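Residue numbering restarts at 1 for every chain, and letters A, B, ... go by the order of the sequence lines. No experiment lies behind these values; they were computed from the predicted model shown.
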There are 2 protein chains.
Amino acid sequence: MRDLSRASGMSLAGLYYYFESKERLLYLIQKHTFATIVRQLKARLGGVTDTEERIRIFILNHLEYFLSNQAAMKVLSHEAEVLKNGFAADVAAIKREYYKICVGLLDDLKRERGLQFSTRLAVLSLFGMMNWIYTWHNPRIDADAASIAGEMGDFFLRGVMANGKSRKGANGKGTTSVVP
Amino acid sequence: MRDLSRASGMSLAGLYYYFESKERLLYLIQKHTFATIVRQLKARLGGVTDTEERIRIFILNHLEYFLSNQAAMKVLSHEAEVLKNGFAADVAAIKREYYKICVGLLDDLKRERGLQFSTRLAVLSLFGMMNWIYTWHNPRIDADAASIAGEMGDFFLRGVMANGKSRKGANGKGTTSVVP
DNA sequence: ATAGAATTCGAACGTTCGTTCGAAAGCAGT
DNA sequence: ACTGCTTTCGAACGAACGTTCGAATTCTAT
């Protein structure tokens with residue numbers, strides 16, 4: 001809170017005139033952030049019908065937001081689970097909606113192309129790939145969001161489309177999706 | 001430190017008899033953790049020559065360690081960058097060795113099969129997939145490390161082996177690997 | 001049994017943190 | 001100019017944190 005006070009130019013006590021507690025402020029930031037991502041995603045998906053293209057849009061939207069607000073996302077990733085029960089549920093609902101959109105996209109892909117893989121694992125692997133970027137992306141040596149999204153889209157879509165050979169004894173539990 | 005005192009049964013002051021500071025304790029834990037992962041990995045890779053199999057071993061080794069020490073890895077992921085310059089360099093060297101092993105495996109794959117992709121992005125995507133698991137893995141509904149490693153290996157290896165169609169304008173900068 | 005070293009601990013230190021409070025300052029409408 | 005509401009702030013409070021210190025306890029070797 002003292003950092004925010006310094007950065008905003010408002011006194012420490014002044015912050016508490018607008019935000020009743022540090023936790024509620026974090027809640028508002030998280031809610032605004034995830035709601036914005038979901039809103040932008042829906043806008044970009046509107047009208048696009050090709051599933052593969054929709055998945056690429058999902059990745060691009062996610063990476064663009066994460067790289068535009070890299071410092072903020074670093075904080076949000078670290079403070080992801082510190083909200084007390086009252087605040088947490090609300091944010092969790094938005095996160096879940098976002099997660100469900102991704103599940104829907106992958107289920108579409110599976111249905112359309114008769115694929116077989118665990119949607120849950122695929123979604124969480126994709127989120128892992130994308131979210132981890134805040135730990136390594138360096139604007140000086142790494143490409144921009146669009147390029148990275150393209151390459152990650154290649155990796156992920158090729159990885160999920162089963163045309164190569166498989167392993168011995170694949171597919172354990174959880175082909176249908178459960179809680180994130 | 002008070003949590004550690006309570007959990008270990010030793011008094012708060014007693015801890016400082018063995019560890020001169022909280023930061024040095026964290027440093028020792030990080031060093032031990034990453035050194036153990038690297039040691040186990042090298043032992044498992046010994047004798048295995050098939051590159052694809054070696055990559056699968058890398059993934060399995062990583063996931064097994066992360067899931068066996070899930071709580072610890074959650075802490076380590078969060079405290080990854082808090083070490084002051086003196087301590088940080090030492091741990092960074094081990095991390096870098098680990099990272100380099102993975103880069104080596106993927107470069108082998110690229111050479112053997114004439115593939116073209118950014119090693120850096122592939123490695124960091126793989127680390128993202130694997131590391132993110134500490135945020136979602138639930139022993140009650142998710143499979144064990146071996147199963148997940150198998151599926152992730154499928155995803156990743158298929159994704160990295162270019163046999164499907166590509167996009168318009170792929171491959172930006174960074175085909176050779178730089179700092180993680 | 002005893003000396004000396006190694007180990008353990010209660011109590012406190014200084015600092016940082018989230019938060020509160022009363023007073024001051026700014027602003028509106030009359 | 002005066003009233004009443006909104007906004008801002010310095011100063012402080014209590015709690016939590018990392019750390020220290022001197023005394024007490026335990027261990028080991030003679």
Legend entry - Where chain B begins and ends its contact with DNA chain C, read 5' to 3' at 4.0 Å from heavy atoms: C:dA6 to C:dA12

Legend entry - Co-membership, hydrophobic cluster, residues A:I101 and A:L60, 4.5 Å side-chain: no

Legend entry - Check: B:D107/B:T119 side-chain N/O donor and acceptor closer than 3.5 Å: yes

Legend entry - Within residues 12-25 of chain A, residues whose heavy atoms come under 4.0 Å of DNA chain C: A:L12, A:A13, A:Y16, A:S21, A:K22

Inset, instruction - Kindly work out whether a path of hydrophobic side-chain contacts (I/L/V/M/F/W/Y, heavy atoms less than 4.5 Å apart) joins A:Y134 to B:L121. - result: no

Legend entry - Any side-chain donor near an acceptor of the partner, A:Y99 and A:K95, under 3.5 Å: no

Legend entry - Aromatic plane relationship, A:F155 with B:F156 - under 30° parallel, 30 to 60° tilted, over 60° perpendicular: tilted

Legend entry - Passing option when A:H62 is tested against A:W132, A:F34, A:Y98 for ring pair (Phe, Tyr, Trp, His ring centres under 6.0 Å): A:Y98

Legend entry - Residues in side-chain contact (heavy atoms from CB on, under 4.5 Å) contact with A:V75, at least two apart in sequence or another chain: A:E79

